[in-house]
Amino acid sequence: MEQIQAEQQQLTMPRIGDPAPAFEAATSRGNISLKDYKGKWVVLFSHPSDFTPVCTTEFVAFQEIYPELKQLNTELLGLSVDSVSSHIAWIRSIEENFDTSIEFPVIADLDRNVAMKYGMIMPGESQVETSRAVFVIDDKQTIRSIIYYPLTTGRNMQEILRLVKALQATDEHGVSTPANWQEGEKVVVSPPKSQEEAAKRAEEENIEYIDWYISKKEI
């Protein structure tokens, strides 16, 4: 029975729009709790293991986008089931070998408490290691996006950065973003909700009218 309950807990994962599961954890930069980040956006990402090649390239790449994320009121939090000592040793190795100082905290989730709350372990791929999950949590601590990558595939940092910018544009301007949208490009206007609104859409100023259901504008 205990094994079944543990497996069920391991398979549980939050969904987009859910409150981000609360946690307190030890990290490479001291103890933290999720509530410490209220009022800021957070990119919480898990990696399989310290001292592995793909994860090392990712940490260098995450650090490269960290200054821009901070400008977007967004913090980075890494996580794996390794210890604080392991995190510290690995970060020091990255700093020495890649001339890169890792400035964001890395959660030491030895008991897999945070990993299980967030559904970061995929039993079909690994019973122990956390997958390459990315959770974007907004300033109200609501989950806004979830992305999973397999253990063998490193993440695209520019896409994560683009995603945060897109979500923040949606919140600020009440719009949606089209495929491949980049900051500064036109956004999608919400479609009309009645025949009368549809008839007027083509006459609206500052709108790139394509058809009644799809129009774009600058923000």
Side-chain angles (χ1 to χ4, degrees), residues 13-18 20 37-47 54-79 94 98-106 118 120 131-193 197-198 201-219:
M13 63 175 288
R15 299 182 181 184
I16 292 174
D18 285 352
Y37 294 88
K38 194 167 186 179
K40 292 181 177 290
W41 288 63
V42 175
V43 173
L44 170 64
F45 71 94
S46 55
H47 66 279
V54 176
C55 297
T56 300
T57 64
E58 286 191 317
F59 263 62
V60 173
F62 269 119
Q63 180 59 45
E64 288 175 351
I65 67 169
Y66 187 40
E68 190 167 356
L69 285 173
K70 288 179 72 71
Q71 292 177 3
L72 297 170
N73 190 36
T74 303
E75 291 294 330
L76 267 177
L77 279 178
L79 178 148
I94 292 173
F98 295 90
D99 194 26
T100 299
S101 179
I102 303 301
E103 300 173 335
F104 53 85
V106 187
Y118 280 81
M120 292 173 167
S131 65
R132 299 188 195 282
V134 179
F135 290 82
V136 179
I137 302 169
D138 68 18
D139 52 356
K140 300 177 182 62
Q141 306 216 310
T142 298
I143 293 176
R144 299 295 297 276
S145 182
I146 304 171
I147 310 174
Y148 283 91
Y149 296 78
L151 300 180
T152 56
T153 305
R155 286 163 278 210
N156 185 311
M157 302 302 151
Q158 292 306 309
E159 172 57 19
I160 293 172
L161 192 60
R162 188 192 79 93
L163 176 59
V164 172
K165 291 178 179 180
L167 290 169
Q168 292 186 353
T170 292
D171 283 7
E172 182 177 355
H173 301 283
V175 295
S176 300
T177 52
N180 301 318
W181 178 84
Q182 296 290 339
E183 185 179 24
E185 296 179 350
K186 290 183 178 179
V187 296
V188 175
V189 182
S190 298
K193 297 181 180 179
E197 289 181 9
R201 175 54 57 90
E203 301 172 2
E204 292 183 38
E205 296 183 359
N206 302 319
I207 294 287
E208 179 189 334
Y209 179 82
I210 301 171
D211 204 336
W212 71 270
Y213 65 92
I214 178 169
S215 299
K216 297 180 179 181
K217 71 174 184 179
E218 295 181 351
I219 56 174

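Atoms considered below: every heavy atom in the structure, side chains included; atoms not considered: hydrogens, waters and symmetry mates.
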Next item on the list: To the nearest 0.5 Å, tell me how far E103 CD sits from Q63 CD.
Entry: 4.5 Å
Item checked: Interatomic spacing from CE in M13 to OH in Y148 - rounded to 0.5 Å -> 3.5 Å
Note to self: What I'd like to find out is whether the side chain of I160 reaches to under 4.5 Å of the side chain of F62, using heavy atoms alone.
What the structure shows: yes
Check: Under 3.5 Å, is there a donor-acceptor pair between the side chain of R132 and the main chain of L151?
Finding: yes
Note to self: Contact between Y209 and E203 at the side-chain level, heavy atoms closer than 4.5 Å - yes or no?
What the structure shows: no
Check: Between L72 and L161, is a side-chain contact (heavy atoms from CB on, under 4.5 Å) present by the stated rule, with each step listed?
Finding: CA-CA 9 Å; L72 297 170; L161 192 60; 4.0 Å; yes
Next item on the list: Taking all non-hydrogen atoms of both residues into account, name the closest pair between G174 and S190 and its distance.
Entry: O-OG, 4.2 Å
Item checked: Value rounded to 0.5 Å, distance of NZ in K40 from OG1 in T74 -> 8.5 Å
Notebook entry, point to check: Roughly how far, to the nearest 0.5 Å, is CD1 of I65 from CZ of R162?
Noted result: 13.0 Å
Notebook entry, point to check: Which pair of non-hydrogen atoms, one from P192 and one from A198, has the smallest distance, and what is that distance?
Noted result: CB-N, 3.5 Å
Item checked: OG1-CH2 distance between T142 and W41, expressed to the nearest 0.5 angstrom -> 9.5 Å
Margin query: Among residues at least two apart in sequence or on other chains, which ones pass ring-ring contact (aromatic ring centres under 6.0 Å, His included) with F104?
Written below: F45, F59, Y66
Notebook entry, point to check: After noting the C-alpha distance and the side-chain angles of Y37 and Q141, does the key distance pass the side-chain contact (heavy atoms from CB on, under 4.5 Å) rule?
Noted result: CA-CA 8 Å; Y37 294 88; Q141 306 216 310; 4.3 Å; yes
Checklist line | Atom of T170, atom of S176 and distance for their closest heavy-atom approach | finding: OG1-CA, 4.3 Å
Check: Shortest non-hydrogen contact from L77 to V42?
Finding: CD1-CG1, 4.0 Å
Item checked: Side chains of R155 and V134 in contact at under 4.5 Å (non-hydrogen atoms) -> yes
Next item on the list: Can you spot which of E68, E172, E185 makes a salt bridge (charged side-chain N to carboxylate O under 4.0 Å, His left out) with K165?
Entry: E68
Item checked: side-chain contact (heavy atoms from CB on, under 4.5 Å) between I94 and V60, intermediate numbers included -> CA-CA 8 Å; I94 292 173; V60 173; 3.9 Å; yes
Note to self: On a heavy-atom basis, which atom in M120 and which in A133 lie closest, and how many Å separate them?
What the structure shows: CG-CB, 4.2 Å
Checklist line | H47 side chain vs L79 backbone, donor-acceptor pair below 3.5 Å | finding: yes
Margin query: Quick check: do Y118 and P14 have side-chain heavy atoms less than 4.5 Å from each other?
Written below: yes
Next item on the list: Mind checking the CD1-NZ spacing from I137 to K38? Nearest 0.5 Å is all I need.
Entry: 13.0 Å
Item checked: Residue pair D171 / R144, side-chain heavy-atom distance below 4.5 Å -> yes
Notebook entry, point to check: What are the two closest non-hydrogen atoms of P105 and L76, and how far apart are they?
Noted result: CD-O, 3.5 Å
Next item on the list: Could you note down all residue pairs passing salt bridge (charged side-chain N to carboxylate O under 4.0 Å, His left out) where residues 208-219 supplies at least one of them, sequence neighbours left out?
Entry: K186-E208
Next item on the list: Find out whether L167 and D138 are in side-chain contact, i.e. whether some heavy atom of one side chain is under 4.5 Å from a heavy atom of the other.
Entry: no
